[in-house]
Amino acid sequence: MERNGGHYTDKTRVLDIKPLRTLRPVFPSGNQAPPFVCAPPFGPFPPGFSSFYPFSSSQANQHTPDLNQAQYPPQHQQPQNPPPVYQQQPPQHASEPSLVTPLRSFRSPDVSNGNAELEGSTVKRRIPKKRPIARPENMNFESGINVADRENGNRELVLSVLMRFDALRRRFAQLEDAKEAVSGIIKRPDLKSGSTCMGRGVRTNTKKRPGIVPGVEIGDVFFFRFEMCLVGLHSPSMAGIDYLVVKGETEEEPIATSIVSSGYYDNDEGNPDVLIYTGQGGNADKDKQSSDQKLERGNLALEKSLRRDSAVRVIRGLKEASHNAKMYIYDGLYEIKESWVEKGKSGHNTFKYKLVRAPGQPPAFASWTAIQKWKTGVPSRQGLILPDMTSGVESIPVSLVNEVDTDNGPAYFTYSTTVKYSESFKLMQPSFGCDCANLCKPGNLDCHCIRKNGGDFPYTGNGILVSRKPMIYECSPSCPCSTCKNKVTQMGVKVRLEVFKSANRGWGLRSWDAIRAGSFICIYVGEAKDKSKVQQTMANDDYTFDTTNVYNPFKWNYEPGLADEDACEEMSEESEIPLPLIISAKNVGNVARFMNHSCSPNVFWQPVSYENNSQLFVHVAFFAISHIPPMTELTYDYGVSRPSGTQNGNPLYGKKKCFCGSAYCRGSFG
DNA sequence: GATACTTCAATGCG
DNA sequence: CCGCATTGAAGTAT
């Protein structure tokens with residue numbers, strides 16, 4: 001039950017800066033990509049690292065020691081006056097050619113080997129394929145998860161399993177999308193990925209148990225039933241009741257461990273701590289009439305749990321009214337208070353169970369219901385300063401909220417959704433889009449834009465990024481493919497965000513909506529400049545994104561050893577930008593300027609380029625690393641600025657003290 | 001151990 | 001945007 005706010009490392013020791021463990025230059029020479037060794041794919045997570053921290057400000061305040069802000073001013077903060085005025089800037093169009101001066105060129109893509117190379121990028125990132133064809137008989141796949149950890153997990157492992165599942169699922173979805181409908185085999189990428197992970201031992205908490213599951217935290221969100229199977233939260237792939245047979249006084253009897261409430265039956269919306277749950281079975285099937293439910297299996301288990309006062313885990317299935325997003329949120333332990341039999345809609349008997357949430361648990365489902373109400377405006381969000389700090393520039397409002405002190409907003413800046421390019425970014429060469437008629441179909445290798453991505457369509461059908469890459473090429477506004485899905489980062493923010501005052505790190509960014517792994521969040525807006533032509537002091541400003549920083553590499557993509565197709569070669573995931581780019585959001589920016597640093601981030605940045613008016617632009621786009629529960633602060637790794645030329649393999653230290661609170665905190669950043 | 005059965009999934013089609 | 005049919009895999013029961 002310990003959330004990250006409750007357990008801080010001793011910040012007085014921050015001065016004693018540790019070496020940055022796995023830091024590597026972002027442009028390593030040679031083929032040094034580490035072989036996959038089954039470490040957690042995205043930097044280790046501390047066992048208690050966390051997730052859902054709804055209404056965190058008040059809770060955090062209770063537990064957070066004074067972190068001596070006078071001595072270590074929070075990152076990112078500008079002088080607080082004058083009062084905030086969020087002047088909006090009209091969307092920038094091609095009518096301002098002098099401002100929209102593009103980047104230097106890319107070499108025309110080398111389509112022959114399916115790999116677009118950037119000019120000025122001297123390092124060829126392709127890693128020679130060493131793996132044999134990934135067939136079960138000649139594969140020697142090891143999950144890297146030992147027997148003990150597979151039985152009883154931990155936070156790090158749970159997050160790792162979820163990431164590996166979803167990376168594989170996205171890849172299967174990508175492969176399916178690319179096939180013609182006739183030969184498409186992978187109709188259910190979730191099942192395919194899930195059963196692959198099961199078979200290869202990419203799972204944890206296989207020991208079934210009632211109560212707490214190690215590494216799974218209240219408020220965790222899931223988007224597929226299989227995700228809950230793999231981490232041992234709820235093992236049936238479809239059924240709603242999970243149970244376990246234990247020794248009773250006289251004979252063996254089942255007790256319930258967890259239930260999924262999909263909202264299929266009517267739920268009492270009144271009190272989020274109470275759940276009336278309907279037993280299983282009795283439903284009409286294609287060759288079966290509906291019938292009375294029987295006191296067996298899950299129904300019997302719930303009855304026995306009631307007798308034994310044994311609490312069950314409850315997972316709430318949620319459907320957001322606005323769009324079709326279905327998801328699950330783990331809402332902790334409930335006690336079964338009573339049971340009865342009731343006539344269902346079909347006139348047959350159904351079992352009913354009244355469950356009441358155990359006290360003392362952090363809110364999860366209750367927070368979600370509260371957020372749904374905020375969206376209607378009644379009651380309004382507590383601590384609201386501005387309902388939309390973008391003044392309508394974003395299609396979805398961005399709230400400005402302060403629940404911790406009297407600060408009424410960050411310093412003045414101009415909100416914009418488009419990057420301003422300075423004169424120094426002249427394209428040396430024109431660039432071309434594709435000539436697809438209506439939309440660019442995945443798998444269509446005649447599409448120039450798809451070929452620039454190495455033959456892969458970078459996003460799944462619902463706009464989720466499949467893999468990290470040195471560069472993503474999107475279709476451009478001037479491509480004729482008007483309804484094309486390869487324009488994800490050009491369509492603006494799609495999640496309901498809020499800028500909030502954090503307890504110890506100034507303003508931060510978080511989302512009212514749950515965010516799926518791989519979802520686009522926003523781009524980094526500001527004034528883009530060639531760093532080599534800018535004074536050093538400018539580059540050191542707060543509110544600056546610097547692509548030349550040294551970033552901690554991490555593994556996010558699917559593992560070729562898990563995908564059962566042989567064509568995959570392991571590509572570098574690390575970003576590759578053709579010139580030292582800095583983006584200053586000091587005067588002009590968007591929500592990205594409020595995202596804080598963390599050494600265990602939940603967001604990564606990815607270079608994305610697309611052409612406009614025959615000129616190529618590079619953007620820094622942010623995507624979710626893992627599923628992010630509502631109200632969890634969004635953070636990315638700021639990296640460490642590179643001292644000019646004097647690196648010599650010595651560990652690099654950031655200039656700012658880090659307050660991310662992660663057990664894997666490097667101590668500094670920036 | 002094989003195999004049948006159960007199951008509040010997820011998708012795509014009309 | 002929906003209702004419906006289709007396909008589905010783990011775990012349990014036989």
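Please read these numbers as outputs of a predicted model, since none were measured by experiment. Residue numbering restarts at 1 for every chain, and letters A, B, ... go by the order of the sequence lines.
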Nearest-angstrom distance from the residue atom [atom1] of [X] to [atom2] of [N]:
X	N	atom1	atom2	value
Lys352(A)	dC8(B)	NZ	P	13 Å
Met198(A)	dG8(C)	CE	C1'	14 Å
Ile259(A)	dG11(C)	CD1	P	19 Å
Ile315(A)	dA9(B)	CD1	C1'	15 Å
Arg200(A)	dA10(C)	CZ	P	13 Å
Arg225(A)	dA10(C)	CZ	P	14 Å
Phe226(A)	dT7(B)	CZ	P	18 Å
Phe224(A)	dA9(C)	CZ	P	14 Å

Think [X] has a side-chain N or O under 4.0 angstrom from the OP1 or OP2 of [N]?
X	N	value
Ser262(A)	dA9(B)	yes
Tyr243(A)	dA10(C)	no
Lys187(A)	dA10(B)	no
Asn283(A)	dC8(B)	yes

Is the side chain of [X] donor-acceptor paired with the backbone N or O of [Y] at a distance under 3.5 Å, no angle test?
X	Y	value
Tyr558(A)	Ser467(A)	no
Glu573(A)	Trp556(A)	yes
Gln280(A)	Gly298(A)	yes

Query raised in the report: What is the nucleic acid contact for Lys208(A), judged by heavy atoms within less than 4.0 Å: base, sugar-phosphate only, or nothing?
Result: sugar-phosphate
Query raised in the report: What nucleic acid atoms does Arg169(A) come within less than 4.0 Å of, heavy atoms only: base, sugar-phosphate, or nothing?
Result: nothing
Query - Dot-bracket notation for DNA chain C, counting Watson-Crick and G-U pairs under 3.5 Å, with | for partners on another strand - result: .||||||.||||||
Query raised in the report: Where the side chain of Arg203(A) is defined as all heavy atoms beyond and including C-beta, which of dG8(C), dA10(B), dG11(C) is the nearest nucleotide?
Result: dG11(C)
Requested in this report: Test the Arg468(A)-Phe604(A) pair against the cation-pi criterion, namely NZ or CZ under 6.0 angstrom from the six-membered ring centroid and within 45° of the ring axis.
Outcome: yes
Report task. Please list, chain by chain and in numerical order, all residues satisfying salt bridge (charged side-chain N to carboxylate O under 4.0 Å, His left out) with Asp242(A), sequence neighbours excluded. Result -> Lys208(A)
Query - Under-3.5 Å donor-acceptor pair between Arg188(A) side chain and dA9(B) base - result: yes
Query - Short side-chain donor-acceptor distance under 3.5 Å, Ser143(A) and Arg150(A) - result: yes
Query raised in the report: For Lys352(A) and Thr278(A), does a side-chain donor sit closer than 3.5 Å to a side-chain acceptor?
Result: yes
Report task. Check the surroundings of atom NZ in Lys487(A): do more than 12 heavy atoms from other residues, nucleotides or ligands lie under 6.0 Å from it? Result -> yes
Query raised in the report: Are Val341(A) and Phe351(A) close enough that some pair of their side-chain heavy atoms sits under 4.5 Å apart?
Result: yes
Query raised in the report: If we only count heavy atoms from C-beta on, is the Asp220(A) to Leu162(A) side-chain gap below 4.5 Å?
Result: no
Query raised in the report: How do Gly240(A) and Tyr328(A) order along DNA chain B: which one's closest nucleotide is nearer the 5' end?
Result: Gly240(A)
Polar atom pairs (N or O), protein with nucleotides 2-6 of chain B, under 3.5 Å:
none

